[in-house]
Protein chains: 2
Amino acid sequence: MSDPLSKRRLKMWIRLLGVTRAAEGELREFLRVKHATTLPRFDVMAALYRKREGVTMSELSRMLLVSNGNATTVVDRLEADGLVRRTPSETDRRTVFVALTPEGFAQFEGLAAEHEAEVARVFAGLSEADLDAMTDILKRVGS
Amino acid sequence: MSDPLSKRRLKMWIRLLGVTRAAEGELREFLRVKHATTLPRFDVMAALYRKREGVTMSELSRMLLVSNGNATTVVDRLEADGLVRRTPSETDRRTVFVALTPEGFAQFEGLAAEHEAEVARVFAGLSEADLDAMTDILKRVGS
DNA sequence: GCTTGAAATTTCAGACTTGAAAAATTTTGC
DNA sequence: GCAAAATTTTTCAAGTCTGAAATTTCAAGC
């Protein structure tokens, strides 16, 4: 008997979640052992690396799909370590811009290449065609 | 210059992570609003529902890809709520079996169908062919 | 038997995460 | 102008999660 479509979506989701968690685990381990950092810290720095001019706290939490409160504490720690800087907005006193410091920028550049290599290692099992197909399907989820 | 293929794997991973986090967020919201529970609790109960005879704590944390310490605290809370029961092994006094109580079993059965429908809703954008292709590709990641 | 090492679980400190509430500021509608 | 609503960020309590250390028990070799 053929599974109802909803059951197949469920199975696909369970597998998707498993693969993602396993990959996250490997990256977490890599960041911890090789670079003494964590995934959330890396995520924040990566977001700020992409937006060099700086982003507001709200933009940051939207980019990372985490709550505002969460973004605040991770940024707090990165700021205490001198990797990130908060700058109050001139035009709106509620708003704060966050950006990498030169130290943060340098540290992230050192990390980025190795991180990319590690991701490539984790997904080495996927062919070029797989990557295309996967990206294509993933785009279709949100729309 | 970095290998373009590794960059494509990285982009696929970033998209994969984004889709997974967005879906997790929707399911979390669904469980919280409609059923006053959380994703980790649901995950534990789902694992125990699949293995009715019970599992050891180590098996449980391997199934969910979480640390032993984490499994302990989530099971602690479910046990305090009477949804889960710990039973010491007869043959190995280090080992503990965990299983759903009748209350836990009943609660999960009420949840499961709605959860499946919610997952189907989240991934409604994917066709049958997409599901097949996706599942196929995901299988290839681990091997 | 005894000792050493391995295995299962819990405990612990610290970090992450959420969602709600609070505080400060800006915008909007009158 | 001004009161009410909306926006931005932080604070807070509670739950989740990790990795290492501690505890208890079992297994293996001598």
Side-chain angles (χ1 to χ4, degrees), chain A residues 17 20-22 24-45 54-81 83-98, chain B residues 17 20-22 24-45 47 54-81 83-84 86-98:
Chain A
L17 194 51
T20 302
R21 284 191 183 163
E24 268 192 285
E26 296 203 54
L27 291 176
R28 206 182 294 282
E29 164 89 358
F30 161 76
L31 289 172
R32 182 176 59 85
V33 172
K34 306 279 192 197
H35 297 284
T37 188
T38 66
L39 203 45
R41 288 168 69 101
F42 180 87
D43 286 346
V44 167
M45 293 179 77
V55 296
T56 68
M57 290 299 294
S58 291
E59 282 175 320
L60 183 60
S61 47
R62 267 195 304 276
M63 287 170 77
L64 304 180
L65 300 180
V66 300
S67 68
N68 279 353
N70 186 8
T72 294
T73 71
V74 177
V75 167
D76 280 350
R77 269 189 269 269
L78 289 172
E79 192 179 30
D81 292 342
L83 299 170
V84 140
R85 180 179 41 231
R86 276 184 171 96
T87 311
S89 164
E90 303 276 335
T91 60
D92 184 340
R93 278 189 290 180
R94 296 169 300 180
T95 300
V96 184
F97 292 104
V98 199
Chain B
L17 194 52
T20 302
R21 282 189 184 165
E24 267 193 286
E26 296 204 53
L27 291 175
R28 207 181 292 279
E29 164 90 356
F30 161 76
L31 290 172
R32 182 176 59 84
V33 172
K34 306 279 192 195
H35 296 284
T37 188
T38 65
L39 203 46
R41 288 169 69 100
F42 180 87
D43 286 345
V44 167
M45 293 180 76
V55 297
T56 68
M57 291 299 294
S58 292
E59 282 175 320
L60 183 60
S61 48
R62 267 196 304 276
M63 287 171 77
L64 303 180
L65 301 179
V66 300
S67 68
N68 280 352
N70 185 9
T72 293
T73 72
V74 177
V75 166
D76 279 350
R77 269 189 266 271
L78 289 172
E79 192 179 29
D81 292 342
L83 300 171
V84 140
R86 277 184 171 97
T87 311
S89 164
E90 303 276 336
T91 59
D92 184 339
R93 277 189 292 180
R94 295 169 301 180
T95 300
V96 182
F97 292 105
V98 198

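A note on names: the letters A, B, ... follow the listed sequences, proteins ahead of strands, and every chain is numbered from 1. Worth knowing before you read on, the calculation uses all heavy atoms, side chains too, and leaves out hydrogens, waters and symmetry mates.
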### Query
Have A:Thr20 and B:Thr20 got a donor and an acceptor in their side chains that come within less than 3.5 Å?
yes
### Message
Just verifying a value: how many Å separate B:Glu24 CD and A:Leu17 CG, rounded to the nearest 0.5 Å?
### Response
5.0 Å
### Nearest heavy atoms of A:Glu79 and A:Arg85, plus distance in Å
OE2-C, 4.5 Å
## Note on the structure
For nucleotides 1-12 of chain C, 5' to 3', base contacts (B), sugar-phosphate-only contacts (S) and non-contacts (-) with protein non-hydrogen atoms under 4.0 Å give -----BBSBBB-
### Task
Quick one: label B:Leu65 by what it contacts on the DNA or RNA (base, sugar-phosphate, nothing), any heavy atom closer than 4.0 Å.
sugar-phosphate
### Message
Can you pull out the residues from residues 28-44 of chain A that lie within a 4.0 Å heavy-atom distance of DNA chain C?
### Response
A:Thr38, A:Pro40, A:Arg41
### Message
Using the side chain to side chain contact (heavy atoms under 4.5 Å, CB included) criterion, which residues pair with A:Met63? Sequence neighbours excluded.
### Response
A:Ala47, A:Lys51, A:Val55
### Task
Verify the contact: side-chain N or O of A:Arg93 to OP1 or OP2 of D:dT8, cut-off strictly under 4.0 Å; return yes or no.
no
### Task
Look up atom CE in A:Met45 and atom CG in A:Leu78, then write down how far apart they are to the nearest 0.5 Å.
6.5 Å
### Task
Report the residues that fulfil ring pair (Phe, Tyr, Trp, His ring centres under 6.0 Å) with B:Phe97, sequence neighbours left out, ordered by chain and then residue number.
none
### Query
For A:Asp43, what residues pass the side chain to side chain contact (heavy atoms under 4.5 Å, CB included) criterion, not counting sequence neighbours?
A:Leu39, A:Leu64, B:Arg21
Name every donor-acceptor pair, under 3.5 Å, that has one atom in a side chain of residues 29-37 of chain A and the other anywhere in the protein, sequence neighbours excluded.
{"from": "A:Glu29", "atom 1": "OE1", "to": "A:Arg32", "atom 2": "NH2", "distance (Å)": "2.7"}
{"from": "A:His35", "atom 1": "NE2", "to": "A:Glu114", "atom 2": "OE1", "distance (Å)": "3.4"}
{"from": "A:Thr37", "atom 1": "OG1", "to": "A:Arg41", "atom 2": "NE", "distance (Å)": "3.4"}

### Query
For A:Glu24 and D:dT16, what is the distance between atoms CD and P respectively, to the nearest whole Å?
17 Å
### Summary
When rounded to whole Å, the CZ to C1' distance for the pair B:Arg21 and C:dT18 reads 14 Å
